[in-house]
Amino acid sequence: MPKKAIKFPTDPKTGKKSRTTPNPLPGLETAAAAQGCSGRPPRHLPPEKHIPALQNALLDWFAVHQRALPWRNSYTPYEVWISEVMLQQTQMERGVRYFIRWMERFPDIAALAAAHEEDVLRMWEGLGYYSRARHILAAARKIMAEHNGIFPRDPAAIRALPGVGPYTAGAIASIAFEKKLPCVDANVERVVSRIFDVDSPVKQEPAAGVIHQWALRLVPEGKARAHNQAMMELGALVCRKKPCCASCPLGAFCISHHLGIEDQRPVPGKRATVTPVNAVTGVLRRGEKIFVQKRPASGVWGNLWEFPGGRVEEGESPEQAVVREFMEETGFTVNVAARHGIIRHGYTTYRLTLHCFGLDLAAPGKDCTPETCPAPPVLTAATQYRWASPQELEDLAMPAAHRKLADSLFSQPGQTAGASTMPRQGRLTDGTDTD
DNA sequence: TAAACGTGGAC
DNA sequence: TGTCCAAGTTT
């Protein structure tokens, strides 16, 4: 006897044909108005009676397949918090490495709150999105000042901490304190949008609200910690961009899988266009010491140290650009003394080609030392400057591209013209392929 | 709402 | 080589 069939309606937006398919979930019905959230409700609603089965299947899977992660030992609020922020837009393996090192350096909230921002940023160097590190420090100090040094349990208080948005607040509240709240990250968006066949861009309304409502509804009472982690773990290990439906514990509950369209979920948003940027930077050495400056707190690479530089303007050579930029940012008149090569750096929205130069002071005081230099810089793009020794340079937080350049300076001792050398394998190109 | 905010890995 | 993207938040 054939299984009862369920009719899926034509999507008014995509005009996708309605289709008849064996009913995967007896009782699964079109329920346009059943979801009380704002925005367009989901078209399909599993009946209440299926939710416990889904939850149990997920929890059983998680119990077996969860990865061993350093913050999954004791689930202290501090560890949960730091791990959640570190993992934002960051791959798991890197996040774990940084987390372990961080906890050795800042073992608790009090130690973190007492730290200098420079040291916090140095621990964060290479992770990117440095406002996360500055926000973490500010939040630690707020917890000391306003919460007696105890991480707050109240979701509203958690959400009020700097750098804690809706996702992170839900994650901390549920994972550290077992609060019945969802945490919707890209993993959960993927899982929910596939199970419930959300057919509009997941980052925008109405899909975002629909997904949030579903994510909340799926959280089992008293098991928010395991459930929310399981949702994310499933998204990370099974329900990936290319899903492994054969090994998915929720296959029996997944509408888009039964429709055979799981590869069309989630619906992506707009793409950002990548802009090529030609830039220069210059290393000004006076004996052992090297000139670096600290960027403003706002904007890209906030409060990190860098070598001065900037964009190459239209019709300008990189050599001309670095001389001009150095004058504009420091007041120093410089000459190009060496080519240090090219660093290519990929971004979300930029593709940076950074031309690196060794510089000499042109005038005045060409033979002054860092201590006696008569003309201090006039900073226009920075808040501080420093003539740093190699060891001091090592201790400053720098953007990844500038760190590569800094490292290259000391791996080729005695070199002044770097055009023919390769400092560390693959880190700098020799510039002969310049555009 | 959209743009800014980093970086390195995967394909 | 180019594109996408990995446990998002702020402005």
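Note on naming: letters A, B, ... go to the chains in the order of the sequence lines (proteins, then strands), and numbering restarts at 1 for each one.
Nearest-nucleotide assignment on DNA chain B puts the 5′-proximal partner with A/G126, out of A/G126 and A/E93. Comparing A/Q204 and A/A401 against DNA chain B, the residue whose closest nucleotide sits nearer the 5' end is A/Q204.
We find that CE of A/M398 is positioned 15 Å from C1' of B/dG6, with the value rounded to whole Å. To the nearest angstrom, P of C/dC5 lies 18 Å from CZ of A/R94. Between the P atom of B/dG8 and the CZ atom of A/R344 lies a distance of 16 Å, rounded to the nearest Å. Between the C1' atom of C/dC4 and the NZ atom of A/K242 lies a distance of 14 Å, rounded to the nearest Å. One interatomic measurement links the two molecules: OH of A/Y350 to P of C/dG2, which rounds to 19 Å at whole-angstrom precision. Residue A/R351 contributes atom CZ, which lies 6 Å from atom P of C/dT3 at whole-angstrom precision. Per the geometry, CZ belonging to A/R134 stands 11 Å off P belonging to B/dC5, to the nearest Å. In this entry the distance linking CD1 of A/I343 with C1' of B/dG8 reads 15 Å, nearest Å.
Note on ring orientation: taking the six-membered ring where Trp is involved, the planes of A/F291 and A/F332 are perpendicular (angle over 60°, cut-offs 30° and 60°). A perpendicular orientation is assigned to the rings of A/F106 and A/W102, their planes being inclined by more than 60° (bins at 30° and 60°).
Side-chain N/O atoms of A/E84 and A/W71 include no donor and acceptor closer than 3.5 Å. Side-chain atoms of A/S256 and A/Q264 include no donor-acceptor pair closer than 3.5 Å.
In this model, the phosphate group of B/dT7 is approached by a side-chain N or O of A/W301 to a distance below 4.0 Å at OP1 or OP2. Distances shorter than 4.0 Å separate some side-chain N or O of A/R271 from OP1 or OP2 on C/dC4.
Rounded to a whole angstrom, the distance from the C1' atom of B/dA2 to that of C/dA7 is 23 Å. Straight-line distance between the P atoms of C/dT11 and B/dG6: roughly 13 Å, to the nearest whole Å. Separation of the C1' atoms belonging to C/dT10 and B/dT1 is 13 Å when rounded to the nearest angstrom.
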Protein within reach of the bases, or only the backbone? For nucleotides 6-11 of chain C, mark each nucleotide 5' to 3' as B, S or -, using heavy atoms under 4.0 Å. BBBSS-
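Environment of CZ in A/R311: sparse, with no more than 12 heavy atoms of neighbouring residues, nucleotides or ligands closer than 6.0 Å.
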Does A/E125 form a salt bridge (Lys or Arg N to Asp or Glu O under 4.0 Å) with A/R122? I'd like the steps, not just the answer. CA-CA 5 Å; A/E125 184 189 285; A/R122 187 65 184 83; 3.5 Å; yes
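With a 6.0 Å cutoff to the six-membered ring centre and a 45° limit on the axis angle, A/R286 does not count as a cation-pi contact of A/W387.
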